[in-house]
Structures are given as C-alpha cells and as structure tokens.
Amino acid sequence: CVIMSNASILKGTRLGKGNKVHHGAVLGSEPQDFHYTGEESRLIIGDNNDIRENVVISRATHESGCTRIGDNNYLMNCHSGSWVLIQAGCRIAKDVPPYIIMNGNPAEYHGINAMVLQHKHQVTDRILRHIVNAYRLVYQGNFSVQDALQKIEDQVPMSDEIHNIINFIRNSKGIAK
C-alpha cells in the first residue's frame, strides 16, 4: 500500500493489498449517524483501491456492522448515505443519498436497498413504503430536487429514515441521479 502524507488511517480500519491512499484522506472515522453511540466498529477495504484526496470513509454505526469497500475502486470526494449499495463498476460523481442502490456507468438510481434495510436495520414494511415514495418523488417525479423535498415533507409520513433522506439531500451539493 502507498499511504501519502496527511492521510489518516484510524482505529478499526483494515486495508487489503495494493491500495493507494492520497493526501488528506481519512479512513475509519466515527460514523456521522445519530444511532452511533461509540461502539467499536470496523472499516474493511479490499485490494487495489485508489482513494483520492480528502475522501472520508466512516466505520459502521453498530458494533456488529462493518463498512466494506471492495476491490479495484476509484474513490473521489463525494458523500454516501447510510445503507447504500453501490454496485461494481459504478462511476459516482455526486453524493449518494441514504438507503439506495446505484448501478451502471455512469451510476443511476436503481431502487432502495430493501433487503439490508429490513434484515440489518429492521425497518418495517410501512417505513420501507415511505422510503420508496420519497425516492419516487426525487428520482421519478418531474420536479426539481428542492420541489421534491417539499413534496416529501408534505406527502410522506415523517420517520427517522425520511428525516435522514431530507437532511442528506438538503445538505448535499448535488446528488447522483
């Protein structure tokens, strides 16, 4: 591995072979999630990844969880929300909101990460439907992002997950479409 100056590799991080970590990257930071309460969690990074300047990759929120980055990725400075699945070969140029699946090159919205939300995060079917409805407004409606957020606030029952979606998108400089 090549670790450049001012890169930080923090407790709980495991790197595979042949990775390149550029200046200012931070690997294994504490999760930016309200559910995080200080548990020991992990970040596992595969082989031959190029992690560019100022990329921050957080550990998992819960002790039983693990943030995993596979092999042969090129990671630049965009943000990814909780419980996101970015499938192999995706090229991401903007932030990826929570709970979704991105697929293709260039990457596109491919639905919500329902299996992980139900089995690992224990989201109810009702909340899952609310998440689907929120993202239908963002990705399939003919609205600006700001108008879609307003429609979510007006039409979708509020939960922690919906609140996370709204806050992530509102604070983003642009989301992957």
Side-chain angles (χ1 to χ4, degrees), residues 1-103 105-107 109-110 112-123 131 135 159-176:
C1 290
V2 175
I3 312 296
M4 296 186 182
S5 64
N6 297 317
S8 298
I9 300 175
L10 305 175
K11 181 173 125 183
T13 302
R14 294 198 179 100
L15 289 172
K17 300 174 190 165
N19 290 299
K20 192 174 199 180
V21 183
H22 289 263
H23 309 280
V26 179
L27 306 181
S29 63
E30 289 187 352
Q32 296 179 2
D33 186 324
F34 292 119
H35 297 102
Y36 179 68
T37 58
E39 298 98 331
E40 296 292 325
S41 58
R42 297 177 294 149
L43 165 63
I44 298 176
I45 297 176
D47 299 334
N48 304 311
N49 294 291
D50 194 351
I51 302 168
R52 298 302 302 193
E53 294 82 3
N54 301 313
V55 168
V56 177
I57 305 173
S58 300
R59 295 186 328 264
T61 300
H62 302 290
E63 187 171 7
S64 61
C66 178
T67 299
R68 290 186 187 273
I69 305 295
D71 299 333
N72 303 306
N73 294 291
Y74 185 82
L75 303 172
M76 296 179 71
N77 196 14
C78 62
H79 296 98
S80 176
S82 302
W83 304 103
V84 165
L85 173 60
I86 299 173
Q87 295 183 330
C90 286
R91 182 180 46 148
I92 306 287
K94 295 187 177 183
D95 296 344
V96 180
Y99 320 124
I100 69 172
I101 298 171
M102 297 300 285
N103 187 9
N105 188 0
Y109 172 75
H110 195 70
I112 66 165
N113 197 358
M115 184 164 304
V116 169
L117 286 170
Q118 286 180 315
H119 294 112
K120 298 289 185 185
H121 196 51
Q122 295 153 351
V123 170
I131 294 170
Y135 280 122
S159 64
D160 287 343
E161 292 79 11
I162 299 302
H163 184 74
N164 287 342
I165 292 168
I166 292 169
N167 283 341
F168 184 96
I169 295 173
R170 188 165 279 140
N171 292 320
S172 173
K173 293 180 181 170
I175 62 168

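Values below: all heavy atoms of this structure, side chains included; hydrogens, waters and symmetry mates excluded.
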Apply side chain to side chain contact (heavy atoms under 4.5 Å, CB included) to residues H79 and N171 and explain how you reach the verdict.
CA-CA 10 Å; H79 296 98; N171 292 320; over 6 Å; no
Could you tell me whether a side-chain N or O of [X] sits under 3.5 Å from a main-chain N or O of [Y], the two making a donor and an acceptor?
| X | Y | value |
| --- | --- | --- |
| Q118 | V116 | no |
| N19 | L15 | no |
| N103 | H110 | no |
| N113 | W83 | yes |

What distance separates [X] [atom1] from [Y] [atom2], expressed to the nearest 0.5 Å?
| X | Y | atom1 | atom2 | answer |
| --- | --- | --- | --- | --- |
| I165 | S82 | CD1 | OG | 10.5 Å |
| I112 | I131 | CD1 | CD1 | 5.5 Å |
| I175 | M102 | CD1 | CE | 8.5 Å |
| K94 | M76 | NZ | CE | 13.5 Å |
| I69 | I45 | CD1 | CD1 | 6.0 Å |
| R52 | N73 | CZ | CG | 14.0 Å |

Stepwise, does the side chain to side chain contact (heavy atoms under 4.5 Å, CB included) test hold for T37 with E39?
CA-CA 6 Å; T37 58; E39 298 98 331; 3.0 Å; yes
Polar side chain donor-acceptor pair, Y74 to N49, under 3.5 angstrom
no
Taking all heavy atoms of G16 and all of C1, pick out the closest pair and write down the distance.
O-SG, 3.1 Å
Close side-chain approach of [X] and [Y], heavy atoms under 4.5 Å:
| X | Y | value |
| --- | --- | --- |
| L43 | R14 | no |
| F168 | S80 | no |
| I44 | T67 | no |

Anything under 3.5 Å between a donor and an acceptor, one on a side chain of residues 54-66, the other on a protein residue two or more places apart or in another chain? List them.
{"residue": "S58", "atom": "OG", "partner": "S29", "partner atom": "OG", "Å": "3.1"}
{"residue": "R59", "atom": "NE", "partner": "S41", "partner atom": "O", "Å": "3.2"}
{"residue": "R59", "atom": "NE", "partner": "S41", "partner atom": "OG", "Å": "3.3"}
{"residue": "R59", "atom": "NH1", "partner": "G28", "partner atom": "O", "Å": "3.0"}
{"residue": "R59", "atom": "NH2", "partner": "Y36", "partner atom": "OH", "Å": "2.9"}
{"residue": "T61", "atom": "OG1", "partner": "D33", "partner atom": "OD2", "Å": "3.2"}

Side chain to side chain contact (heavy atoms under 4.5 Å, CB included) between Y99 and N164, worked out
CA-CA 10 Å; Y99 320 124; N164 287 342; 2.9 Å; yes
Side chain to side chain contact (heavy atoms under 4.5 Å, CB included) between V96 and I86, worked out
CA-CA 9 Å; V96 180; I86 299 173; 4.3 Å; yes
Qualifying salt bridge (Lys or Arg N to Asp or Glu O under 4.0 Å) pairs with a residue from residues 15-31, counting only residues at least two apart or across chains
none
Hey, can you pull the donor-acceptor pairs under 3.5 Å for the side chains in residues 3-11, sequence neighbours left out?
{"residue": "S5", "atom": "OG", "partner": "H23", "partner atom": "ND1", "Å": "3.0"}
{"residue": "K11", "atom": "NZ", "partner": "E40", "partner atom": "OE1", "Å": "3.3"}
{"residue": "K11", "atom": "NZ", "partner": "E40", "partner atom": "OE2", "Å": "3.1"}

